[in-house]
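Okay, so here's the structure we're looking at.
Predicted, not measured: the structure shown is a model, and the values here were computed from it.
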Amino acid sequence: MGLLKKLVFLAALIPLLPPAVGLGAEPIVLAAVGDILLGASAAPVLRERGFDHAFEATRELLSGADLAVGNLEAPLTASRDEFREKTFRFKVPPTAAGALQRAGFDVLTLANNHMGDFGPAGVLDTLATLDAQGISRCGAGADLAEARRPVILEVRGEKIAFLAYSKTFPTEFYAGTRRPGTAPGYPSHVTRDVAAARRQADYVVVSFHWGGERETVPKDYQRSLGRLAIDSGAQVVLGHHPHVAQGVERYGEGIIYYSLGNFAFGSYSETSKLGLIARVSLAEGRVASAEVLPVDVYNSRVAFQPRPLEGEAAEAARAEIEALTLPFGLRLAPSEGSPLLALLPVEAEPEAPLSAALSTAEKPL
């Protein structure tokens with residue numbers, strides 16, 4: 001077990017579980033990051049330094065987890081079948097898959113608003129490339145049934161299912177009965193898929209590409225849909241698409257990271273400076289502990305290589321993340337000897353039900 005992984009267990013000494021629940025078995029540790037785009041503005045740097053450059057500062061953290069997951073925000077393809085009815089269109093050479101595998105990623109989610117940028121061929125190329133590289137994937141497929149199908153991995157005899165959904169335009173990227181594409185995040189799909197996955201696995205992790213770009217506060221439909229996933233049997237919800245961090249909510253026996261922000265992402269955006277790495281320990285069928293690690297993703301400074309923040313920058317990031325998370329009833333606590341920040345409950349006023357927001361969640365926003 002690596003040093004960082006041991007530190008995670010030290011950080012979990014104050015669990016989110018009720019005191020009566022024990023942690024007899026070794027927890028399963030999940031690491032998750034937000035949007036990954038190894039192209040666009042990053043292309044010149046990565047051509048010069050290689051795709052591995054993007055992960056050199058986080059490789060130990062990701063590979064030290066039992067499972068690492070990220071959102072792949074571009075097809076791995078040489079397709080020229082470009083979808084020209086949107087402003088930003090991305091693709092990445094399939095050779096980048098090797099760097100993703102070496103970075104420690106076990107699962108990549110594909111349900112997002114760029115997976116169809118280079119047509120059905122781009123989607124199919126991505127599936128084949130990841131399969132050949134031995135990286136599991138979910139959220140896209142050769143048809144709707146495959147896009148909605150969970151990928152199930154086993155760790156120390158326990159099964160973890162992963163599902164992924166897009167709540168973004170264009171709807172042309174959504175898979176059909178005979179059309180490659182992404183899994184749309186309709187509540188009816190989420191309810192059925194999560195419940196079915198829970199019958200096959202001990203834990204379910206659900207990824208959503210949702211929310212408003214550059215918005216730090218989740219929309220009501222994000223909250224209702226994230227809670228619906230937990231109510232249907234998931235333990236962990238991972239969000240991305242806003243390109244900035246949003247808060248984290250403890251709900252029922254699960255945890256919802258509304259937006260992890262960018263990770264290794266090919267943009268010189270002046271608003272995308274702070275990303276999050278989520279660290280979740282799973283035990284006894286529940287979330288045993290949850291942490292965040294603030295990372296510097298300001299590419300004018302880090303050149304497309306996300307790096308854990310240190311010193312005064314880390315303290316400023318802690319204050320920023322806590323301001324986003326306190327409204328959801330969680331505070332941050334430093335973990336001794338580790339840059340990870342533990343998410344611990346605080347007293348919070350009860351909130352009004354958000355079920356009404358589901359009426360708008362059938363539509364991409």
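- Shown here for N113 and S166, the closest heavy-atom pair between the two residues is N-OG, 4.4 Å.
- The backbone N or O of L72 sits less than 3.5 Å from a side-chain atom of N112, completing a donor-acceptor pair.
- Taking the charged nitrogens against the carboxylate oxygens, E82 and R84 do have a contact shorter than 4.0 Å, which makes a salt bridge.
- Within 6.0 Å of atom CD in E310, 12 or fewer heavy atoms from other residues, nucleotides or ligands are found, so the atom counts as exposed in its surroundings.
- Heavy-atom minimum distance, V244 versus E215: CG2-O, 3.6 Å.
- Looking at residues two or more places apart in sequence or on another chain, you find a ring pair (Phe, Tyr, Trp, His ring centres under 6.0 Å) between F304 and Y268.
- Of the possible donor and acceptor atoms, one in the side chain of H53 sits under 3.5 Å from a partner among the backbone N and O of A303.
- The main-chain N or O of D35 is never found under 3.5 Å from a side-chain atom of E73 such that the two would form a donor-acceptor pair.
- Residue R80 qualifies as open at atom CZ: its count of foreign heavy atoms under 6.0 Å is 12 or below.
- When the side chains of ILVMFWY residues are joined at heavy-atom separations under 4.5 Å, either directly or via intervening members, Y298 and L260 end up in two distinct hydrophobic clusters.
- The one candidate from Q246, R227, H241 that meets the side chain to side chain donor-acceptor pair (under 3.5 Å) condition with Q222 is Q246.
- In terms of modelled atom types and a separation under 3.5 Å, the side chain of S269 and the main chain of S272 share a donor-acceptor contact.
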Without placing hydrogens or testing angles, list every side-chain donor-acceptor pair under 3.5 Å for residues 40-48, not counting sequence neighbours.
none

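- Side-chain atoms of R149 never come within 3.5 Å of backbone atoms of C138 as a donor-acceptor pair (strictly under, hydrogens ignored).
- K86 places a side-chain N or O within 3.5 Å of a backbone atom of F88 that can act as its donor or acceptor partner.
- Heavy atoms only, all atoms of each residue included: Y257 and E291 are closest at OH-O, 3.0 Å.
- None of T109, V204, V151, V190 except one satisfies the side-chain contact (heavy atoms from CB on, under 4.5 Å) rule with L163; the exception is V204.
- Under the 3.5 Å distance criterion, the side-chain polar atoms of R89 are left unmatched by any main-chain donor or acceptor of F118.
- Residue L110 is tested with L76, V123, N71, L130 for a side-chain contact (heavy atoms from CB on, under 4.5 Å); the sole match is L130.
- You'll find the ring centres of F328 and Y258 inside the 6.0 Å limit.
- With respect to the salt-bridge test (charged N to carboxylate O, under 4.0 angstrom), the residues D143 and R179 do not qualify.
- For A74 against M115, the heavy-atom pair with the smallest separation is O-CE, 3.7 Å.
- Defined by atom type and a distance below 3.5 Å, a donor-acceptor pair is missing between the side-chain atoms of H209 and T182.
- Of the charged side-chain nitrogens involved, at least one lies within less than 4.0 Å of a carboxylate oxygen, so that R148 and D193 count as a salt-bridged pair.
- Across all non-hydrogen atoms, the minimal contact from A97 to Q133 is O-CG, 3.5 Å.
- Salt bridge absent: E322 and R331 never bring a charged side-chain N and a carboxylate O closer than 4.0 Å.
- R137 meets the salt bridge (Lys or Arg N to Asp or Glu O under 4.0 Å) test with D131, E146; sequence neighbours excluded.
- Cluster annotation: F173 and I36 are assigned to distinct hydrophobic clusters (Ile/Leu/Val/Met/Phe/Trp/Tyr, side-chain heavy-atom contacts under 4.5 Å, transitive).
- Taking F90 as the reference, H114 meet the ring pair (Phe, Tyr, Trp, His ring centres under 6.0 Å) condition, with sequence neighbours excluded.
- Side-chain heavy atoms closer than 4.5 Å link hydrophobic residues (I, L, V, M, F, W, Y) into clusters, and following such links, even through other members, never connects V194 to L144.
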Quick one: side chains of residues 311-319, donor-acceptor pairs under 3.5 Å with protein atoms, not counting sequence neighbours, listed by atom name and distance.
none

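- Contacts of H189 classified as ring pair (Phe, Tyr, Trp, His ring centres under 6.0 Å), with partners at least two apart in sequence or in another chain: Y186.
- Taking the six-membered ring where the residue is Trp, F263 and F55 present parallel rings, their angle staying beneath 30° rather than reaching 60°.
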Run L100 and I135 through side chain to side chain contact (heavy atoms under 4.5 Å, CB included) and show every step you take. CA-CA 8 Å; L100 290 163; I135 301 175; 4.0 Å; yes
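- By the 6.0 Å contact criterion, CZ on R192 is enclosed, its count of non-hydrogen atoms from other residues, nucleotides or ligands being greater than 12.
- Of the possible polar contacts, one joining the K91 side chain to the S79 backbone as a donor-acceptor pair under 3.5 Å is found.
- The backbone N or O of G181 sits nowhere less than 3.5 Å from a side-chain atom of Y174 that would complete a donor-acceptor pair.
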